[in-house]
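To start, the structure itself, in structure tokens.
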Protein chains: 2
Amino acid sequence: MELKESMLENFIDKCRESGLKITPQRVAVYEILLKSHNHPTVEEIYEEVKKRYPFVSLATVYRTVETLEQMGLAKKVCYWGSSARYDANTDEHHHLICMNCGAIRDIYMEEKIDIPKELEGFETSGYSVNVYGLCPECREKAQPSM
Amino acid sequence: MELKESMLENFIDKCRESGLKITPQRVAVYEILLKSHNHPTVEEIYEEVKKRYPFVSLATVYRTVETLEQMGLAKKVCYWGSSARYDANTDEHHHLICMNCGAIRDIYMEEKIDIPKELEGFETSGYSVNVYGLCPECREKAQPSM
DNA sequence: ATACCTGCAAAGGCTTTGCGGTTCG
DNA sequence: CGAACCGCAAAGCCTTTGCAGGTAT
């Protein structure tokens with residue numbers, strides 16, 4: 001949609017400003033991250049990029065997501081499982097996490113929590129709520145004898 | 001304090017019930033985890049255990065924290081940085097996390113969030129709030145020119 | 001006595017890095 | 001053209017695992 005277009009343009013502008021080159025791989029990684037709503041792992045992004053650029057390397061994807069993180073356009077999330085997942089959704093949102101397979105889904109809640117600007121000496125800058133549970137697929141699989 | 005005593009006894013009872021042996025290393029790891037309020041990494045626990053049992057191996061600490069997690073006596077937390085941290089605080093509590101150094105502090109909030117038992121097909125089992133910010137130490141260091 | 005556990009070392013993932021060649025601006 | 005970037009392969013963590021000897025019950 002329009003939204004993604006504008007975010008891509010924003011990304012390109014930001015790259016120009018910082019003297020970062022606009023390479024096809026870079027754009028592809030960000031585009032894929034914008035499209036995915038399932039917080040892909042680097043490996044998953046890599047597989048997706050490979051469909052478009054078969055010779056891309058995993059290292060490039062790692063380097064790109066790190067760049068995106070530094071630009072504030074993506075966030076690394078890491079809860080269950082061994083590999084980090086990335087998220088380009090910059091709306092204020094929260095996560096529903098499957099404790100079995102590590103799947104993550106975005107959730108939105110009207111309720112806002114009021115966090116003081118300063119807490120125990122920390123300068124706070126935001127919060128996020130993680131709701132833990134079992135995803136539909138894992139619920140089904142985990143159905144034991146009875 | 002008393003509290004820790006009883007938690008240790010609870011741990012020992014639970015081990016007996018499950019046929020797990022009560023070894024000095026195991027007890028030491030749990031005791032250290034109970035005492036620490038800074039969510040140590042496995043490496044940090046290991047260093048601490050080594051003071052008491054110099055020949056302990058890192059693998060044992062890894063195995064023990066996993067056992068504790070399966071027993072529901074410790075939780076793995078993993079946000080910033082590369083290594084997982086462990087927490088034996090089983091109260092309902094939340095985390096204040098330094099985005100620079102990864103330090104974690106427990107926080108308690110009166111406000112409860114009401115989470116439906118089922119959410120987008122997930123069977124929910126709990127939630128936690130992460131507040132992000134800069135810890136006092138990092139705030140000081142990060143003080144730039146002005 | 002025996003099932004479980006430990007220490008050691010090796011193997012296994014995920015992630016980062018060094019290098020030479022390539023590409024964007 | 002030059003700086004930045006890419007692909008490849010190797011190296012670097014953190015974590016797990018196999019095995020032989022040791023320990024709790």
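Residue numbering restarts at 1 for every chain, and letters A, B, ... go by the order of the sequence lines.
For B:Leu58 and C:dT6, the CG to P distance is 13 Å, given to the nearest whole Å. The nearest whole Å value for the distance from the CD1 atom in A:Ile12 to the C1' atom in C:dG25 is 14 Å. If you take CD of B:Gln25 and P of C:dT6, they are 5 Å apart, rounded to a whole angstrom. Atom P of nucleotide C:dT6 and atom CD1 of B:Ile22 are separated by 12 Å, given to the nearest angstrom. When rounded to the nearest whole Å, the span between CD of A:Glu69 and C1' of C:dT15 equals 13 Å. Per the geometry, CD belonging to B:Glu17 stands 17 Å off P belonging to C:dC4, to the nearest Å. Atom NZ in A:Lys21 sits roughly 9 Å away from atom P in C:dC24 (whole-Å rounding). Here the P atom of nucleotide C:dT16 and the CD atom of A:Gln70 are 11 Å apart, to the nearest Å.
Residue contacts shown for A:Glu66 are absent, as no nucleic acid heavy atom lies under 4.0 Å away. Using a 4.0 Å heavy-atom cutoff across all strands shown, A:Phe55 reaches sugar-phosphate atoms only and no base atom. Using a 4.0 Å heavy-atom criterion, one finds that B:Glu43 contacts no nucleic acid atom at all. Within 4.0 Å of B:Arg26, counting heavy atoms only, lie sugar-phosphate atoms of the nucleic acid but no base atom.
A donor and an acceptor atom never sit less than 3.5 Å apart when one is taken from the side chain of A:Arg16 and the other from the base of C:dG25.
Distances shown here put every side-chain N or O of B:Tyr62 at or beyond 4.0 Å from the OP1 or OP2 atom of D:dT16. A sub-4.0 Å separation between OP1 or OP2 of C:dC5 and a side-chain N or O of B:Thr23 is absent.
Here C:dG7 is the nucleotide among C:dG7, D:dG7, D:dT15 with the atom lying nearest to any side-chain atom of B:Val56.
Between A:Asp87 and the options A:His93, A:Lys76, A:Lys75, a side-chain hydrogen bond (donor to acceptor under 3.5 Å, both in side chains) holds for only A:His93.
Taken to the nearest 0.5 Å, the NE2 atom of A:His94 stands 9.5 Å off from the CD1 atom of B:Ile115. Atom CG of A:Leu33 and atom CD of A:Glu48 lie 11.5 Å apart (nearest 0.5 Å).
When hydrophobic clusters are built by joining Ile, Leu, Val, Met, Phe, Trp and Tyr residues whose side-chain heavy atoms come closer than 4.5 Å, directly or via intermediates, B:Met109 is not grouped with B:Tyr132.
Nearest-nucleotide assignment on DNA chain D puts the 5′-proximal partner with B:Ala59, out of B:Ala59 and B:Leu20. Each of A:Val42 and A:Arg63 was assigned the nucleotide of DNA chain C with the nearest heavy atom; the assignment lying further toward the 5' end belongs to A:Val42. Nucleotides of DNA chain C nearest to B:Ser57 and B:Gly19 differ in position, and the one nearer the 5' end is that of B:Gly19.
At a cut-off of 3.5 Å, with distance as the only test, a side-chain donor of B:His39 or B:Asp106 sits close to an acceptor on the other residue.
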